[in-house]
Amino acid sequence: MSDEMIVEFCSPTLAGIKTGNLFSCEYSDYKELVKDVNRVNGIFVKKGIKAIPIRYLNHRALIYIFRPSFLEKDLCDKDTADLLSEFGYDVEDTEACIDCLRKKLEIIKSSKDFPHEIGLFLGYPVEDVKGFIKHKGECSKCIGCWKVYGDVLKAEDTFDRYKKCTSDYAARLKMGMTLDQLVVCA
């Protein structure tokens, strides 16, 4: 799990403009992966971010990098809370929600079983997550970082901000800035 990989997939979260990001990374030694996650959390935790592996499969780990305070705020939204409650999440407890998601990811057998509500853990608009679930990923109005079923203009503006942020962070990392220097306190 390199700093370059984290910047490529998680810059909007590092910059404090997104709740969370997910990426998959290969590992050959579980203990080395844990060491790497601990290294990253040493940088992140003091700035309000966490990195946790939420699924392991065939020597790949799905890493969730997120801002707990943002997730807690997202879970307070009534529509978000109602939707997650429908899927069996205890929205009163952020850690329990993450554990529930983790358990759902562990038992999936096919894409049909995938917990599409995961978008709510990434800061996607609830109307887009609902639309994706209702329409089974079809009939979206546009596609960017996620499939849009609601406000296209707002989503396109967000996609553009995320793309610019990622480009900027990649350039800064290449110029010698460290991950610690790139992460914004929020």
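Just so you know, residue 1 is the first one in the sequence shown, and it goes up from there. It should be emphasised that the depicted structure is a prediction, and the values quoted were computed from it without experimental measurement.
Under the 4.5 Å side-chain heavy-atom criterion for Ile, Leu, Val, Met, Phe, Trp and Tyr, M5 and L179 are members of the same hydrophobic cluster. At a threshold of 4.5 Å between side-chain heavy atoms, the hydrophobic network of Ile, Leu, Val, Met, Phe, Trp and Tyr places V183 and M177 in one connected group. In the hydrophobic clustering of this structure, I98 groups with I108; members are Ile, Leu, Val, Met, Phe, Trp, Tyr whose side-chain heavy atoms approach within less than 4.5 Å, directly or through other members. The cluster map of Ile, Leu, Val, Met, Phe, Trp and Tyr, joined by side-chain heavy atoms under 4.5 Å apart, puts F87 and L71 in the same cluster. Cluster membership check: I118 does not share its hydrophobic cluster with I65, using side-chain heavy-atom separations under 4.5 Å among Ile, Leu, Val, Met, Phe, Trp and Tyr.
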Less than 3.5 Å apart, which donor and acceptor atoms pair up between the side chains of residues 6-22 and the rest of the protein, not counting sequence neighbours?
from: S11; atom 1: OG; to: V7; atom 2: O; distance (Å): 2.5
from: T13; atom 1: OG1; to: N21; atom 2: OD1; distance (Å): 2.5
from: K18; atom 1: NZ; to: G20; atom 2: O; distance (Å): 2.5
from: K18; atom 1: NZ; to: L122; atom 2: O; distance (Å): 3.0
from: T19; atom 1: OG1; to: D74; atom 2: OD2; distance (Å): 2.6
from: N21; atom 1: ND2; to: F9; atom 2: O; distance (Å): 3.1

Could you pull out every donor-acceptor pair under 3.5 Å between side chains of residues 134-147 and any protein atom, sequence neighbours left out?
from: K141; atom 1: NZ; to: Y149; atom 2: O; distance (Å): 3.4
from: K141; atom 1: NZ; to: G150; atom 2: O; distance (Å): 3.1
from: W146; atom 1: NE1; to: D128; atom 2: OD2; distance (Å): 2.8
from: K147; atom 1: NZ; to: G137; atom 2: O; distance (Å): 2.7

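Rounding to the nearest 0.5 angstrom, the gap separating the CD1 atom in I107 from the CZ atom in R102 is 14.5 Å. Rounded to the nearest 0.5 angstrom, L120 CG and K130 NZ are separated by 9.5 Å. With values rounded to the nearest 0.5 angstrom, L57 atom CG is found 10.0 Å from R60 atom CZ. To the nearest 0.5 Å, the span separating CG on L173 from CG on D3 amounts to 6.0 Å. Interatomic distance, OG1 of T80 versus NZ of K73, reported as 11.0 Å (0.5 Å rounding). To the nearest 0.5 Å, atoms CG (N58) and OH (Y27) are separated by 9.0 Å.
Grouped with L153 in a hydrophobic cluster is no other residue, since no side-chain heavy-atom contact under 4.5 Å to another Ile, Leu, Val, Met, Phe, Trp or Tyr is found.
D29 and K35 are not joined by a salt bridge, as no carboxylate oxygen comes within less than 4.0 angstrom of a charged side-chain nitrogen. Of the charged side-chain nitrogens involved, none lies within less than 4.0 Å of a carboxylate oxygen, so that D160 and K163 do not count as a salt-bridged pair. A salt bridge does not link K164 with D168: none of the charged nitrogens is closer than 4.0 Å to a carboxylate oxygen. A salt bridge between K154 and D157 is absent, with no side-chain N of the basic residue lying under 4.0 Å from a carboxylate O of the acidic one.
A 4.5 Å side-chain heavy-atom check between L182 and R172 finds at least one atom pair inside the cut-off. Using a 4.5 Å heavy-atom threshold, the side chains of I63 and M1 count as touching. Side-chain atoms of L75 and C97, non-hydrogen and from C-beta on, do get closer than 4.5 Å to each other. Residues P53 and L62 form no side-chain contact, since every pair of their non-hydrogen atoms from C-beta on lies 4.5 Å or further apart. F23 is not listed as a side-chain neighbour of Y64, based on a closest heavy-atom distance of 4.5 Å or more. Proximity of L83 to V126: side-chain heavy atoms (C-beta onward) are separated by under 4.5 Å at one or more points. You'll find the side chain of S28 stays beyond 4.5 Å of the side chain of L33, heavy atoms only.
Within the structure, the salt bridge (charged side-chain N to carboxylate O under 4.0 Å, His left out) test picks out the following pairs touching residues 84-95 (sequence neighbours left out): K50-E95.
Between Q181 and G176, the shortest heavy-atom contact is OE1-O, 4.2 Å.
At least one donor-acceptor pair closer than 3.5 Å links the side chain of R55 to the backbone N or O of L105.
Between F121 and Y89, the ring centre distance stays below 6.0 Å.
D151 pairs by the side-chain hydrogen bond (donor to acceptor under 3.5 Å, both in side chains) definition with nothing, not counting sequence neighbours. Residues forming a ring pair (Phe, Tyr, Trp, His ring centres under 6.0 Å) with Y162 (at least two apart in sequence, or on another chain): none.
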Quiz prompt | Working for salt bridge (Lys or Arg N to Asp or Glu O under 4.0 Å), residues K104 and D99 | solution = CA-CA 9 Å; K104 287 179 177 222; D99 286 340; over 6 Å; no
Quiz item: Yes or no on side-chain contact (heavy atoms from CB on, under 4.5 Å) for E117 and L84, after CA distance, side-chain angles and deciding distance?
Solution: CA-CA 7 Å; E117 67 274 11; L84 286 174; 3.9 Å; yes
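Other residues, nucleotides and ligands contribute only 12 or fewer heavy atoms inside 6.0 Å of the OH atom of Y30.
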